[in-house]
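Values below: every heavy atom of this structure, side chains too, minus hydrogens, waters and symmetry copies. Every number for a ligand or one of its atoms is a count from 1 in the order of the listing. Each residue takes its place number in the sequence, starting with 1.
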Amino acid sequence: MASVSESDLQPSQKDAADQNFDYMFKLLIIGNSGVGKTSLLFRYAEDSFSPAFVSTVGIDFKVKTILRNNNRIKLQIWDTAGQERYRTITTAYYRGATGFLLMFDITNRDSFNAVQDWRVMHTASSSFGSGFQFFEASAKDCVNVKQVFDSLVDVIWEKLKDGMDGGVSVSKPDEPGPHETLGTDDEDAAGASRLSHENEDPAAFTGSVTAPFTPFHFPHNSNESRDKERLPAFPLPVPHRHRYSASTLDLSLTMTL
Ligand SMILES: Nc1nc2c(ncn2[C@@H]2O[C@H](COP(=O)(O)OP(=O)(O)OP(=O)(O)O)[C@@H](O)[C@H]2O)c(=O)[nH]1
């Protein structure tokens with residue numbers, strides 16, 4: 001491992017090392033390959049979007065600190081590879097997650113059909129109950145992206161406030177998580193470390209919340225097609241809550257085109 005001084009760090013690496021926060025939430029984005037997980041994260045963290053599809057290898061993360069409910073909340077957002085061959089690696093990171101975004105592409109029925117499998121996997125690997133809130137979002141058009149993360153943070157925050165059955169613990173500034181690993185030569189400019197956190201001891205957040213299952217019907221809108229920019233015309237009482245199923249700690253997303 002190379003040694004680094006703070007001045008050597010890219011801005012987002014500085015974010016990762018920043019101890020100036022009140023709470024840290026570990027969020028994971030899961031779902032089939034190509035549904036737009038990386039794109040959503042880039043839109044949220046860097047307000048950027050690329051039409052190119054570069055499939056994630058293993059796992060990656062970004063850090064963003066937000067002010068919410070008068071608290072500085074550091075979000076450590078893990079972007080998992082959707083490809084099956086990385087499943088063992090990615091599911092290892094579910095442990096200690098504070099919240100999940102489970103994504104499917106509203107134009108891709110397979111990705112929607114896979115939602116149940118993802119739910120099973122996530123429920124088996126984490127300490128959450130199941131249940132989802134449903135949001136429709138577009139990384140490309142920058143629609144609903146911030147709202148999705150804000151809503152997830154708010155839900156987690158409410159659970160924290162309520163004390164949650166089973167107890168809650170989230171990272172505080174003096175409890176560095178895996179994201180504090182800095183300075184490997186391989187790290188990309190985004191400040192993310194790939195596949196280098198085997199010994200992580202992430203923040204634990206336990207508790208179980210269930211919400212009634214509300215079936216989601218696919219396709220959500222029969223006019224949907226990959227070559228149509230349909231979202232702006234879509235009625236958006238933002239966000240669409242509880243249209244899918246939900247543990248209130250999880251959100252389900254669709255990528256829109
Ligand atoms: N039109 C449109 N395309 C999108 C949107 N979000 C992502 N895409 C495109 O969909 C493709 C896949 O996006 P990614 O974000 O790489 O998908 P992913 O889920 O991270 O894929 P894996 O890393 O393989 O798991 C890319 O070509 C993106 O440009 C969107 O909101 N609208």
Item checked: Nearest heavy atoms of Leu28 and Ala97, plus distance in Å -> CD1-CB, 3.5 Å
Proximal ligand 1 atoms for [X], defined as those under 4.0 Å from one of its heavy atoms:
X	answer
Thr56	22 (P), 23 (O), 24 (O)
Ser55	22 (P), 23 (O), 24 (O)
Lys37	15 (O), 17 (O), 18 (P), 19 (O), 20 (O), 21 (O), 22 (P), 25 (O)
Ser50	28 (C), 29 (O)
Ser138	31 (O)

Next item on the list: Evaluate side chain to side chain donor-acceptor pair (under 3.5 Å) for Trp78 paired with Gln76, printing each intermediate quantity in order.
Entry: CA-CA 6 Å; Trp78 293 84; Gln76 178 194 97; 2.5 Å; yes
Is the shortest N/O to N/O distance between [X] and ligand 1 below 3.5 Å?
X	result
Gly31	no
Gly34	yes
Asp79	no
Ala139	yes

Notebook entry, point to check: Looking at side-chain heavy atoms only, is the closest gap between Asp47 and Cys142 below 4.5 Å?
Noted result: yes
Margin query: If you define the side chain from C-beta out and look only at heavy atoms, does anything of Asp150 sit under 4.5 Å from Ile66?
Written below: yes
Check: At the 4.0 Å heavy-atom cut-off, does Asn32 count as touching ligand 1?
Finding: yes
Next item on the list: Tell me, please: is Phe49 in heavy-atom contact with ligand 1, that is, under 4.0 Å?
Entry: yes
Notebook entry, point to check: Is the gap between the ring centers of Phe100 and Tyr94 under 6.0 Å?
Noted result: yes
Margin query: Would you say the rings of Tyr23 and Trp157 are close, in the sense that their centroids are separated by under 6.0 Å?
Written below: yes
Margin query: Does either side chain, that of Gln133 or that of Ser151, offer a donor lying less than 3.5 Å from an acceptor on the other one?
Written below: no
